[in-house]
Peer 1: 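I'd like to ask you about the structure that follows.
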Amino acid sequence: MDNKSIAGILYETADLMEIDGADSFRIRSYRNAAEAIEAHPQQISDLIGNDKQLLAISGIGKGMLQNLKEMLGEGRLKLHAELLTKYRPSMLQLLKVQGLGPKTIALIWSAYQVSDLEGVESLAREGKIRILPRMGEKHETKLLKAIEDYRRIAGRFLIDVAEKQAEKIADHLRHYPGVEKATPAGSLRRGRETVGDLDILVTGPACCDDTERQKLIDHIIKLPGLMEIIARGENKISFRMRGDMQVDVRLLAPDSFGSAMQYFTGSKAHNVAL
DNA sequence: TGGCAATACTG
DNA sequence: CAGTAT
DNA sequence: GCCA
């Protein structure tokens with residue numbers, strides 16, 4: 001288990017404790033510890049057993065040390081597992097909706113046993129949120145808008161984040177002999193403020209025959225940070241990068257590069273119109 | 001053993 | 001003012 | 001929960 005995973009569990013535990021109504025300072029400690037672990041230069045898993053070094057990390061005390069031992073020893077944190085049984089994983093998603101906090105989520109759960117985005121949206125549409133204690137019409141309206149905003153942004157990346165990722169991938173591609181151009185298309189090329197996934201178009205001699213394409217794809221999968229290959233075909237490979245961004249790379253013969261660029265830049269509606 | 005950020009919004 | 005969210 |  002790496003530091004990122006450990007921190008992730010601690011963050012989630014903090015969120016769940018908040019829904020559970022735990023002491024806010026104790027919750028903060030979990031977040032502080034998660035942050036400290038995320039930023040720690042060495043792997044916590046390598047330091048296990050070395051209590052002195054672990055306790056030297058600011059934000060890690062006696063109790064958190066026990067939590068770390070439990071996570072690395074048993075692969076899980078009992079508190080985390082129990083809270084997930086008591087409540088619902090979908091509540092963690094609800095927490096990301098602006099204006100929806102742990103208290104309100106717990107309130108909705110206790111009143112309706114509803115814990116997911118769609119369910120809460122329905123309740124709001126039916127006017128069932130405003131009748132809850134402390135809620136009102138204004139809350140309900142804001143909640144509906146917040147859910148709409150969440151849906152628009154969820155699973156997408158801000159353009160500057162996508163741009164940096166795309167540039168790294170394009171560089172990797174261009175370092176391969178026989179690649180002339182590697183250019184991002186899709187919503188990134190259209191300059192949208194958020195991007196769902198990356199579409200990168202490649203052309204050059206390396207794209208022109210079967211053997212060469214296979215060799216190029218073999219090179220592509222060496223890309224640092226590539227976590228999972230989703231699909232590998234003759235002319236296209238899809239993969240997921242660290243950080244969950246999905247990438248499609250398409251290999252194109254030079255004489256179809258222009259039309260492909262047009263098509264894959266989109267938008268879909270624009271293509272239909274054309 | 002006490003403190004742990006400060007503030008805006010809503011009912 | 002109290003509770004909640006950021 | 002952690003820290004001074």
Side-chain angles (χ1 to χ4, degrees), chain A residues 3 5-40 42 44 47-48 50-74 76-84 86-88 90-112 114-117 120-121 123-154 158:
Chain A
N3 288 0
S5 319
I6 296 171
I9 292 174
L10 293 176
Y11 280 129
E12 276 194 15
T13 306
D15 285 345
L16 291 163
M17 289 167 80
E18 215 159 27
I19 292 171
D20 199 43
D23 177 74
S24 62
F25 297 112
R26 191 160 162 234
I27 293 166
R28 173 191 283 168
S29 288
Y30 275 74
R31 299 215 167 99
N32 287 342
E35 258 187 70
I37 288 167
E38 229 176 357
H40 200 68
Q42 313 159 55
I44 299 299
L47 268 47
I48 208 70
N50 191 339
D51 294 7
K52 208 173 159 193
Q53 261 193 73
L54 288 171
L55 289 170
I57 302 171
S58 174
I60 307 293
K62 203 176 152 215
M64 208 50 72
L65 178 62
Q66 281 311 115
N67 283 337
L68 292 178
K69 286 180 174 172
E70 186 186 337
M71 277 188 269
L72 290 163
E74 304 173 32
R76 71 183 178 91
L77 187 64
K78 202 168 87 190
L79 176 61
H80 179 256
E82 283 176 354
L83 286 168
L84 272 180
K86 188 169 176 185
Y87 299 101
R88 292 289 176 277
S90 56
M91 289 178 178
L92 298 171
Q93 182 187 26
L94 279 184
L95 231 28
K96 291 180 184 139
V97 176
Q98 301 280 15
L100 248 196
K103 297 288 200 283
T104 312
I105 292 170
L107 178 67
I108 294 172
W109 174 248
S110 65
Y112 300 116
V114 166
S115 65
D116 58 69
L117 205 60
V120 172
E121 185 181 22
L123 290 173
R125 285 193 196 291
E126 294 161 14
K128 288 179 177 167
I129 296 295
R130 67 179 76 182
I131 62 178
L132 293 173
R134 292 195 319 274
M135 306 304 280
E137 201 175 332
K138 205 152 186 169
H139 265 123
E140 201 171 76
T141 309
K142 283 184 92 171
L143 179 55
L144 281 171
K145 181 171 181 341
I147 289 175
E148 191 185 313
D149 290 346
Y150 174 82
R151 287 231 168 88
R152 190 158 43 80
I153 296 170
L158 292 176

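Order of the sequence lines fixes the chain letters, A, B, ..., with proteins taken first and strands second; residue numbering starts at 1 for each chain. As the structure is a prediction and not an experimental result, all values here were calculated from the model.
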Peer 1: Does some side-chain heavy atom of A:Leu144 sit less than 4.5 Å from a side-chain heavy atom of A:Glu121?
Peer 2: yes

Peer 1: For each nucleotide in nucleotides 4-11 of chain B, reading 5' to 3', give B when a protein heavy atom comes within less than 4.0 Å of its base, S when such contact involves only the sugar-phosphate, and - otherwise.
Peer 2: BB---SSS

Peer 1: With side-chain contact (heavy atoms from CB on, under 4.5 Å) as the test, pick out the partner of A:Ile105 among A:Asp15, A:Leu94, A:Val114, A:Val97.
Peer 2: A:Leu94

Peer 1: What is the distance from CG of A:Asn32 to P of D:dG1, rounded to the nearest Å?
Peer 2: 14 Å

Peer 1: How would you label the contact of A:Ser58 with the nucleic acid (heavy atoms, under 4.0 Å): base, sugar-phosphate, or nothing?
Peer 2: sugar-phosphate

Peer 1: Here's a test for you: under side-chain contact (heavy atoms from CB on, under 4.5 Å), which of A:Asn67, A:Ile44, A:Leu47 qualifies with A:Leu72?
Peer 2: A:Ile44

Peer 1: Mind checking the P distance from C:dT6 to B:dC4? Whole angstroms is fine.
Peer 2: 23 Å

Peer 1: Atom OH of A:Tyr150 to atom C1' of C:dA5: distance rounded to whole Å?
Peer 2: 17 Å

Peer 1: Rounded to the nearest Å, what distance is computed from the CE atom of residue A:Met71 to the P atom of nucleotide D:dG1?
Peer 2: 11 Å

Peer 1: If you compare all heavy atoms of A:Thr13 against all heavy atoms of A:Ile9, which two are closest, and at what distance to 0.1 Å?
Peer 2: OG1-O, 2.6 Å

Peer 1: Minimum heavy-atom separation for A:Gln53 and A:Asn50, please, with both atom names.
Peer 2: NE2-ND2, 2.8 Å

Peer 1: Looking at A:Gln98, does any N or O in its side chain come under 4.0 Å of the phosphate oxygens OP1/OP2 on C:dA5?
Peer 2: no

Peer 1: For C:dA5, take OP1 and OP2 only and decide whether either is under 4.0 Å from a side-chain N or O of A:Thr104.
Peer 2: yes

Peer 1: Output the rounded distance in Å from CG (A:Leu68) to P (D:dC2).
Peer 2: 9 Å

Peer 1: For A:Ile60, answer base if it contacts any base atom (sugar-phosphate contacts may also be present), sugar-phosphate if it contacts only those atoms, and nothing otherwise; contact means non-hydrogen atoms under 4.0 Å.
Peer 2: sugar-phosphate

Peer 1: Under 4.0 Å, counting only non-hydrogen atoms across every strand here, what does A:Leu95 touch: a base, just sugar-phosphate, or nothing?
Peer 2: nothing

Peer 1: Please report the distance separating the C1' of D:dG1 from the corresponding atom of B:dA8, rounded so that it comes out in whole Å.
Peer 2: 28 Å

Peer 1: Could you state the atom-to-atom distance from CZ of A:Arg31 to C1' of D:dC2 in whole Å?
Peer 2: 15 Å

Peer 1: Measure CD1/A:Ile19 against P/C:dG3 and give the value in whole Å, please.
Peer 2: 20 Å

Peer 1: Do A:Met64 and A:Ile57 have side chains that get closer than 4.5 Å, going by heavy atoms?
Peer 2: no

Peer 1: Starting from P on C:dG3, measure out to CG on A:Leu107 and report it in whole angstrom.
Peer 2: 14 Å

Peer 1: Got more than 12 heavy atoms from elsewhere within 6.0 Å of CD, A:Glu137?
Peer 2: no

Peer 1: Can you check the A:Lys62 NZ to D:dC3 P distance for me, whole Å?
Peer 2: 13 Å

